[in-house]
Amino acid sequence: EAGVAQSPRYKIIEKRQSVAFWCNPISGHATLYWYQQILGQGPKLLIQFQNNGVVDDSQLPKDRFSAERLKGVDSTLKIQPAKLEDSAVYLCASSSGLAGGRGELFFGEGSRLTVL
Amino acid sequence: GESVGLHLPTLSVQEGDNSIINCAYSNSASDYFIWYKQESGKGPQFIIDIRSNMDKRQGQRVTVLLNKTVKHLSLQIAATQPGDSAVYFCAENVSGYSTLTFGKGTMLLVSP
C-alpha cells in the first residue's frame, strides 16, 4: 500500500514570497491533516479535512495560510506571503475515518520550508 | 542518562537496555493518548495508543503506562536496539474533539 505522498520535499524561499505544498493521502482515507513542525517541537495541527470539508482550522493563520481539498482526495497548503517564522516542516497525514483524533494517523515525510 | 538539550530532552542508553520515556500531559480532560516515533527526515510513525480507562497496554517490545492522577504517561521499550534511535512524541486527545495535541518530544539515542 502506498503511503502519504508529499511534494516538494524541500523548498527555500525569501520572505514575502509564496509557496505551495501538495499532499496525496492514502487511497480511501477520508480524513486529511496538515501539521506544522518547527525544529525541536512536536507537530501542531493547522487544518483537518473530512472528505472535502474543513473539520478544524482553528490554528491556521488565515491571513497568510490557505488550504484546500477540492475533490476530497489531494490537498494543497499555500503560504502567501511567507515570514521567517514559517520555516518548518509541513507534514500531511491521513486516516481512514473521522477519527476524532483517535486511531492511527499515517504521516508523509514532510515538506521542509526554509524562509530567508 | 537523561539530559535536557537546547530543545529536546535526550535519553542515551546502551543497546539491550530497557528504555523509559516519560511524558507529562496538560489537559485533565484528555482521555486518549498515542506514542509516535519520528526518525530523522521522516514523518511520525504510530507506535501504540491507550485509552484513559486503562493503566497499561503492551505491544511488541513496548509498554505504555498511564497515571491519570498525576497526568503522566510513559513508554517503555524492552531490549532497546540502535534502530529505536529517534524522537518520541506523546500525543493527547479529548473525546469529541478532533485535535491531537503533540508534546515536545524526547530524543532516544541508542549506542551499540
Side-chain angles (χ1 to χ4, degrees), chain A residues 2-10 21 23-26 29-51 53-60 88-112, chain B residues 3-10 21-27 29-54 57 59 62 64 73 75 86-108:
Chain A
V4 175
Q6 290 188 246
S7 68
R9 286 295 314 277
Y10 305 93
F21 302 112
C23 173
N24 180 239
I26 291 174
H29 278 192
T31 308
L32 184 147
Y33 311 78
W34 283 102
Y35 281 83
Q36 180 193 57
Q37 186 174 26
I38 293 173
L39 184 65
Q41 298 182 17
K44 183 186 83 171
L45 179 69
L46 292 175
I47 189 166
Q48 178 184 345
F49 293 94
Q50 171 76 1
N51 296 312
V54 175
V55 174
D56 183 354
D57 65 355
S58 58
Q59 299 187 84
L60 187 73
V89 175
Y90 291 86
L91 293 163
C92 179
S94 69
S95 64
S96 57
L98 176 58
R102 311 253 156 149
E104 184 172 356
L105 269 61
F106 295 83
F107 283 86
E109 294 193 321
S111 295
R112 181 179 295 276
Chain B
S3 63
V4 177
L6 281 176
H7 296 287
L8 287 175
T10 301
I21 300 171
N22 297 303
C23 175
Y25 62 93
S26 56
N27 190 345
S30 294
D31 56 359
Y32 177 72
F33 306 89
I34 303 180
W35 281 99
Y36 278 88
K37 171 186 180 184
Q38 187 173 26
E39 297 176 86
S40 180
K42 296 186 178 180
Q45 180 182 14
F46 175 93
I47 301 174
I48 191 169
D49 60 359
I50 187 168
R51 298 184 185 275
S52 60
N53 61 352
M54 303 172 68
R57 189 165 188 221
V62 295
V64 56
L73 68 159
L75 178 70
V87 177
Y88 289 80
F89 294 97
C90 65
E92 59 186 291
N93 171 256
V94 177
S95 177
Y97 291 86
S98 60
T99 302
L100 194 64
T101 302
F102 283 79
K104 292 186 177 181
T106 296
M107 180 175 291
L108 176 65

When rounded to the nearest 0.5 angstrom, what is the spacing between NZ in B:Lys42 and CZ in A:Phe107? 15.0 Å
Taking side chain as everything from C-beta outward and backbone as N, CA, C, O, which of these in A:Gln6 sits under 4.5 Å from a heavy atom of chain B? Side chain, backbone, both or neither. neither
Identify which part of B:Gln45 has an atom lying under 4.5 Å from any heavy atom of chain A, answering side chain, backbone, both or neither. neither
Contact summary for B:Phe89 and A:Gly42, nearest pair of heavy atoms: CE2-CA, 3.2 Å
So, for B:Pro44 and A:Leu91, which heavy atoms are closest and what is the spacing to 0.1 Å? CD-CD1, 3.8 Å
Which bit of A:Arg9 is near chain B, if near means a heavy-atom gap under 4.5 Å: side chain, backbone, both or neither? side chain
As an exercise, state the distance from CG of A:Asp56 to CG of B:Leu100, rounded to the nearest 0.5 Å. 11.5 Å
Pick whichever of B:Cys90, B:Gly43, B:Ala91 has the most heavy-atom pairs under 4.5 Å with chain A. B:Gly43
Would the A:Phe106 and B:Phe46 ring centres measure less than 6.0 Å apart? no
Pairs of heavy atoms under 4.5 Å with chain B: top-ranked of A:Gly110, A:Gly108, A:Ala93, A:Pro43: A:Pro43
Would you give the length of the straight line joining atom CD1 of B:Ile47 to atom CD of A:Glu104, rounded to the nearest 0.5 angstrom? 10.5 Å
Without swapping roles, check the side chain of B:Tyr36 against the backbone of A:Leu105 for a donor-acceptor pair under 3.5 Å. yes
Inter-residue atom distance B:Phe102.CZ - A:Gln41.CD, 0.5 Å rounding: 13.5 Å
Taken in chain and number order and not counting sequence neighbours, the residues that satisfy side chain to side chain donor-acceptor pair (under 3.5 Å) with B:Thr101 are none
